[in-house]
Amino acid sequence: MLQVITVLEIAGVYALLALGLVMIYRTSRVLNLAQGELAIICAYVAAVTTGAGLPWFLAIPVTLATGAIAGAVIYVSTMRPILGESPVVGIMTTVGVAILIRGVMVIAFGGDTTMLDSPFGEAVVLAGVEVGPEHLVVLGGSWGCVLLIILFNFYSSTGLLMRAVSDDVTLSAQRGIDVDRIVGIAWVLALVVGAVAGYLHGQRALISTAATLIGVNALIAAFIGGMDSFRGAIVGALTVAVVEFVTIQLVESHWAEIALVVLMLVVLTFRPWGLFGTVEELERV
Amino acid sequence: MNAGRANAARRPPTLPTRITHRIELFRGREWVWLGAGAVAALAWPMLVTQHWLHITNLSLIAVMGAVGLNLLTGNARLVSLGQAAFLAIGGFSAGAMSHHFGTPFWLNLIVATLMGGLFGLIVAIPSLRLKALYVAITTLALHFGVTAAFAVYLARVIRSEGILIDPPQFGFFELYDAAPWYYFLLLIATLVVIGALNLQRSHLGRRWVAVADHEVASSALGISIHRAKLSVFVITSMLVSFAGCLGAYYEGVVTEGFYDLHLAIAYLAMIIVGGLGSVLGSILGAFLITLMPYGLDLLLKFGGVKISAGSISGLHSVLYGVLIVGFMLFEPLGLAEIWRRVRDYFMLWPFKYRPLDQLRQR
Amino acid sequence: MKRKSISAVAAILCATGLATGFAAPAAADSYKLGYITDLSGPFVDTFKPVLQGFELYMKRVNAAGGINGRKVEIVARDDQLNAQRAAAHARELISGEGVNSLWAMSMSSTLPGIYKLAKRHKVPAISSVSAIGMTLPPAHDYAYSTGNPFNVAGEVAGKLAEQLFPGKGRMTCVTIESAGGFAACAHTEASFKDRGFTVEKVFFSPRKVEFGPLGQKIAGTEPQLVVTHLPPRLTEGVMIHTRAGGYKGPMMFNNVSINEAGLIQGVEKAGVSEGVYTFSRYTLAHEETPELAEIKATAKKFGMDPDKIAVNHVIGWVSARLAEAALKKCGWPCSGDALNNALDDISVDMGQLTGGPITFKGNDHQGMSWWKVYKFDGASKKFKPVTDWVAAPSTLQYKIKN
């Protein structure tokens, strides 16, 4: 039981990050390599604000706002100018953003390692196992957010527009959809979700510059599932979490990294578009 | 009239494909420049302190790695985040060879280069079916896989935190001090640069660019896409591992921690800042990015600004980031293009554009 | 292209030549000590206070007129916990800044390269937090340590546990997958087996830590005692998640410069304040000794919060005291080689900062070390000593083949 909870917790954080990646990729065809860095810098903000004595119900909005502002700033300043250029440009730019944020993290927070305190007090007994409050926060928070994203995407009007843009940018623009605004919203949302993931990660593990590696695992999850599929991101996150958990339990944790990489390379060799991704159409001259 | 025809006859082919053609283009002024450059380069160790010679050596090693990465990312347009992994493969091959078998430097250098080629082939295979976007992620995966494997190797097999490598021996001469290293690296870096310039002009280099521009169109022209992608991965990985091996010998120690993602990004910064697809750009970028931390330290010292050593490395990261993003957005062709514009401005003054026939030659 | 590139290289070389003018080293009128440590990497909050402790002591020395009438200058470099970067800094400090010794260093992974360079350039290197086999007899020339050798710590853990948990039982040794980690748990295993314990070992990667599965794995070995040899933060993470995995028994942490505040934060987050032990080579700042009072007074004098003083500062202070004694012995001018001769046979009394003097003699560059166990007291939220100093010789008791 405890094992299942742990796997679901890990998977929840990865799923949130992977969903953010998918949202960005679907609308702007940019692979955001700075997702992990952005999540962790938001976690740092949460740690600093709670450390300054702000209660959790104020600290969380501040954290989310940080994510939203970061998303808006990054979109307007770096992504909008290169919209529609080759993916190479997008990747390079997000790499630049990632290293920039890492530097800011070191300067602003001294690169310290910190933890977050749980907003709620008491442990709860769940199916015969005592579960700490932070686990409940992580479980509820992550999967609740995943559900919200899915609902938003399929049942809201903005979600509908986003799906239209991801299907065909040119057609949607011709139909009078404000593509610029939609892509911007996607970036902001993705980074708010990333901030949630960062906060939840801080609940269950350490916040440090090394923790930005969660972004890499989320990337692997998104690629296994398919870069343009929400369902794929969730399945990918679960797969990554299970593989990671099992290798740590049975072998040692170095092997978890190697196992994930091999798994991804195998999937990409046989299904380059991922498990649930759309098969990209043939290029024509 | 007659003189004009004679000139036309002496003029080499419009697209110089061999280095000899290039040399034929040299006139008096070029030879003077070349000679001055060579003299300055040879006299360099006499002019600077040990510290700056050391930094120059690091830059020369970076030039080789950056030239390799630029062929892959700049010319073939395959974004590689696996630069650190290939450098590590070079370093660890050399370390493992000298640790287990005590083999000499030259043999280790060859083995390291071949190992780089082998891993280049491995990572090229899944990328045959993939687009540029996915190549970034497979090379990123390679990075994590390879560094984790080396961490296990160090802990389990070597049972130490790093492998110590003895300096290269040539007979009784030991390559340790900065000045001999400088001449050695200068020679090799020059060969690498000439080789890369030639490679860009060769049929292979032109195919890489063609495939990068349009896969379907180039396959319609009879270019084998598979062969082009495999060859670019293998050749550039060999070059990068070669540089990694030299770097490991220069540092005298190989550890897993050195080859982090930060290193891979620093190399990307070099080629972006220098200029994608340009050998000159690789050289400029490698020097600039290697010098940057030291330059920044000097600047801070000069300005009397006192910040903690920790914040300085944060500042380095921020600068890398700003440089990458800035060049990506405002000058994607990098320093090489800026250099060309500045030079043109002074050479053509008071005119703005080159005469037409010179344009064709460039 | 060719011509362009060559003239470009020439231009850059010239520019660098100009820059070199600025970098000319100033005339040496003070002792220059090189200091390499992690100031922005993953363990910055461990290593920065050690530097502060070192600096505090030297500030006091300088304010009192310096050593042999010369001021002491500390040239610090940040290695971000990275061995090759550390080696590059060491080279630069020796050849560029002209330092006569290298101090501190971060985790053990950075040490082999630095010791090798130190020997090559005839400049002593003295690590203050970590230690590896190269300083144990027969020690390498120019390699010294006042730090925490994992294998010695492993052996002493058995001795300490014998006093506190006399019954035999099952114990689990937790450490990272690295050469130092393997040695630590191998020696822990030998010394506990000698005392009738059965031993399990759990290793994990320091690169990317998923604590949840790890904690469950540790709890799953059903131990009666958990001993860890881990850097700070990983220690707290393992404590929290082993508790969450269901293990509530005693845990004993090797204190590798883990500051007390961090450990207490971990205890609070773990929610179990009973059974938290840490064994340390140096006095924790929760004790009251004249030397600690001295450190706190100095901190106050130089504008630092004396309440923030932790065991890390003690470690820095100890190596600064050693540096002072060695420089005094060495005189002026003091080359690296001369300082090495001074260090090669030295004994510096550390008062109550540890159990006895720091002694280097002949081929022993580690010397006898003293260890003490502290237990967390939930009521006062302080670590209180529960044993006396236990001596551990630098010659290893158990022979373990590598």
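Order of the sequence lines fixes the chain letters, A, B, ..., with proteins taken first and strands second; residue numbering starts at 1 for each chain.
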| task | Answer yes or no: are there more than 12 heavy-atom neighbours, outside C/Lys59 itself, under 6.0 Å from its atom NZ? | result | yes
| said: Please give me the minimum heavy-atom distance between A/Glu257 and C/Ser205, naming the atom from each residue. | reply: OE2-OG, 4.4 Å
| Nearest heavy-atom neighbours spanning C/Gly212 and A/Arg204 | N-NH2, 4.4 Å
| Out of curiosity, A/Gln3 CD to C/Lys217 NZ, how far, rounded to the nearest 0.5 Å? | 13.0 Å
| said: Can you give me the closest heavy-atom contact between A/Gln203 and C/Lys269, atom names plus distance? | reply: O-NZ, 3.2 Å
| query | For the atom pair CD1 (A/Ile248) and CZ (C/Phe211), what is the distance rounded to the nearest 0.5 Å? | reply | 10.5 Å
| request: Determine whether more than 12 heavy atoms belonging to other residues, nucleotides or ligands lie under 6.0 Å from atom NZ of C/Lys201. | output: yes
| field | Segment of A/Val251 engaging chain C (4.5 angstrom heavy-atom cut-off) | value | backbone
| C/Glu268 versus chain A, heavy atoms under 4.5 Å apart: side chain, backbone, both or neither? | neither
